[in-house]
Amino acid sequence: MSSFFAYLSRMRLIDRWALMRNTQSENVLEHSAQVAMIAHALATIDRAVYGRDVDQDRVGMIALFHESGEVLTGDLPTPVKYYNKEITEAYKRIEGIAEQRLLGALPAELQEAYRPLVSPQKDDYAYTLVKYADKLAAYGKCIEEMRMGNMEFKSALRSYEQEFATVETPCVQYFLEHFMPAFGLSLDEIKL
């Protein structure tokens with residue numbers, strides 16, 4: 001018996017932004033799906049607009065699994081995770097152990113097939129796109145919360161705005177220019 005997919009199904013039980021008041025709650029599974037869509041879009045933009053040889057389906061799948069270790073660790077809020085170097089390094093080690101334990105929940109003959117998804121190489125360009133997609137999804141969440149009048153997200157929004165103001169990755173700039181403004185619109189304002 002393998003518990004891998006039973007563990008993954010529990011991603012829906014882990015709340016994000018746990019230390020902040022939310023107008024709309026978000027769980028890790030929802031977040032992972034959104035990150036997968038954005039990461040796939042970044043890779044598609046890279047391919048279609050900038051001619052880069054990127055496998056958008058692979059990028060999307062890495063993104064779909066990018067938080068899978070949190071079924072064992074929970075979601076540690078960003079201000080805690082990056083409070084200082086020691087905490088960040090310790091949490092990275094914990095994440096690595098969680099990823100290995102999760103992979104160990106697969107039958108041996110499937111572990112190598114899932115390893116690049118659950119525990120991708122950090123120096124892989126696909127992983128870089130996933131990290132950007134993760135931040136873009138969080139930025140979108142901040143915009144949506146602020147639109148609803150939730151000032152709890154003001155500092156996080158400002159932090160993402162500052163970070164994205166200096167990003168030079170063309171596909172991220174393209175996404176910010178073409179897609180991000182719609183995150184601040186109501187349903188009636190969004191045009192098809």
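Not measured: the values here are computed from a predicted model.
- Distance NZ/K154 to CZ/R158: 5.0 Å, rounded to 0.5 Å.
- The CG atom of D134 sits 10.0 Å away from atom CD of Q34, with the distance rounded to the nearest 0.5 Å.
- Put simply, CD1 on I87 and CG on N84 are 4.0 Å apart, with the number rounded to the nearest 0.5 Å.
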Audit row: K135, F164, side chain to side chain contact (heavy atoms under 4.5 Å, CB included) steps and yes/no: CA-CA 9 Å; K135 292 176 182 185; F164 285 124; 3.7 Å; yes
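- In this structure, Q111 contributes its side chain and L106 its backbone to a donor-acceptor pair below 3.5 Å.
- Here the side chain of N27 pairs a donor or acceptor atom with the backbone of R12 at under 3.5 angstrom.
- Residues meeting the side chain to side chain donor-acceptor pair (under 3.5 Å) test with S25, sequence neighbours left out: none.
- Residues forming a side-chain contact (heavy atoms from CB on, under 4.5 Å) with S159 (at least two apart in sequence, or on another chain): none.
- No donor-acceptor pair under 3.5 Å is formed between the side chain of S32 and the backbone N or O of F65.
- The minimum heavy-atom distance between G69 and A98, with the atom names listed, is O-CB, 3.7 Å.
- No side-chain donor-acceptor contact under 3.5 Å links S119 to the backbone of E99.
- Put simply, CG on L136 and CG on L129 are 10.5 Å apart, with the number rounded to the nearest 0.5 Å.
- Between F175 and P170, every side-chain heavy-atom pair lies at or beyond the 4.5 Å cut-off.
- Residues satisfying the side chain to side chain donor-acceptor pair (under 3.5 Å) criterion with Y160, sequence neighbours excluded, are absent altogether.
- M148 and F153 fall into different hydrophobic clusters, where Ile, Leu, Val, Met, Phe, Trp and Tyr are joined by side-chain heavy atoms under 4.5 Å apart, directly or via other members.
- In this structure, the ring of Y114 has its center less than 6.0 angstrom from the ring center of F4.
- Here the straight-line distance linking atom SG of C171 with atom CG of L176 works out to 10.0 Å at 0.5 Å rounding.
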Side chain to side chain contact (heavy atoms under 4.5 Å, CB included) between E161 and L157: does it pass, once the steps are laid out? CA-CA 6 Å; E161 287 173 341; L157 176 71; 3.7 Å; yes
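- Contacts of D15 classified as side chain to side chain donor-acceptor pair (under 3.5 Å), with partners at least two apart in sequence or in another chain: none.
- Side-chain heavy atoms closer than 4.5 Å link hydrophobic residues (I, L, V, M, F, W, Y) into clusters, and following such links, even through other members, never connects I143 to M37.
- The hydrophobic cluster containing L117 does not contain I97, counting ILVMFWY residues as joined when their side-chain heavy atoms lie under 4.5 angstrom apart, directly or transitively.
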Extract all donor-acceptor atom pairs below 3.5 Å that involve side chains of residues 46-54 and protein atoms in other chains or at least two apart in sequence.
unit_1: D46; atom_1: OD2; unit_2: Y125; atom_2: OH; d: 2.5
unit_1: R47; atom_1: NH1; unit_2: D53; atom_2: OD1; d: 3.3
unit_1: R47; atom_1: NH1; unit_2: V54; atom_2: O; d: 2.9

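- Residues N150 and M146 share a closest heavy-atom pair of O-SD, 3.3 Å.
- The environment of Y7 atom OH is sparse: at most 12 non-hydrogen atoms of other residues, nucleotides or ligands sit within 6.0 angstrom.
- Hydrophobic cluster membership differs between I14 and L19, with clusters built from Ile, Leu, Val, Met, Phe, Trp and Tyr side chains linked at under 4.5 angstrom.
- Around the CZ atom of R101, the shell of radius 6.0 Å holds no more than 12 heavy atoms that belong to other residues, nucleotides or ligands.
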One pair to check against side chain to side chain contact (heavy atoms under 4.5 Å, CB included): K122 and T128. What are the steps and the verdict? CA-CA 8 Å; K122 307 305 185 222; T128 299; over 6 Å; no
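- At most 12 heavy atoms of other shown residues, nucleotides or ligands fall within 6.0 angstrom of atom CD in Q24.
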Using the rule given for side chain to side chain contact (heavy atoms under 4.5 Å, CB included), can you reason through K81 versus E95, listing the C-alpha separation, both sets of side-chain angles and the distance that settles it, and then say yes or no? CA-CA 11 Å; K81 191 185 300 186; E95 283 180 321; 4.0 Å; yes
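- The same ILVMFWY cluster, assembled from side-chain heavy atoms under 4.5 Å apart, contains both L64 and L72.
- Applying the side-chain contact (heavy atoms from CB on, under 4.5 Å) criterion to L185, with sequence neighbours excluded, gives A182, E189, I190.
- A pairwise comparison of heavy atoms in P116 and P120 identifies O-CB, 3.3 Å as the closest pair.
- Side-chain atoms of Q100 and R115 form a donor-acceptor pair, as typed in the model, at a separation below 3.5 Å.
- Side-chain contact of T73 with Y91: a donor-acceptor pair under 3.5 Å is present, judged by distance alone.
- Between the H66 side chain and the A63 main chain, a donor and an acceptor come within less than 3.5 Å of each other.
- Each of E152, E144, R16, K141 was scored for a side-chain hydrogen bond (donor to acceptor under 3.5 Å, both in side chains) with N22, with one residue passing: K141.
- Going from atom CG of L29 over to atom CD of E26 covers 10.5 Å, rounded to the nearest 0.5 Å.
- Side-chain atoms of D75 never come within 3.5 Å of backbone atoms of E70 as a donor-acceptor pair (strictly under, hydrogens ignored).
- The shortest heavy-atom contact between A39 and A133 is N-CB, 3.4 Å.
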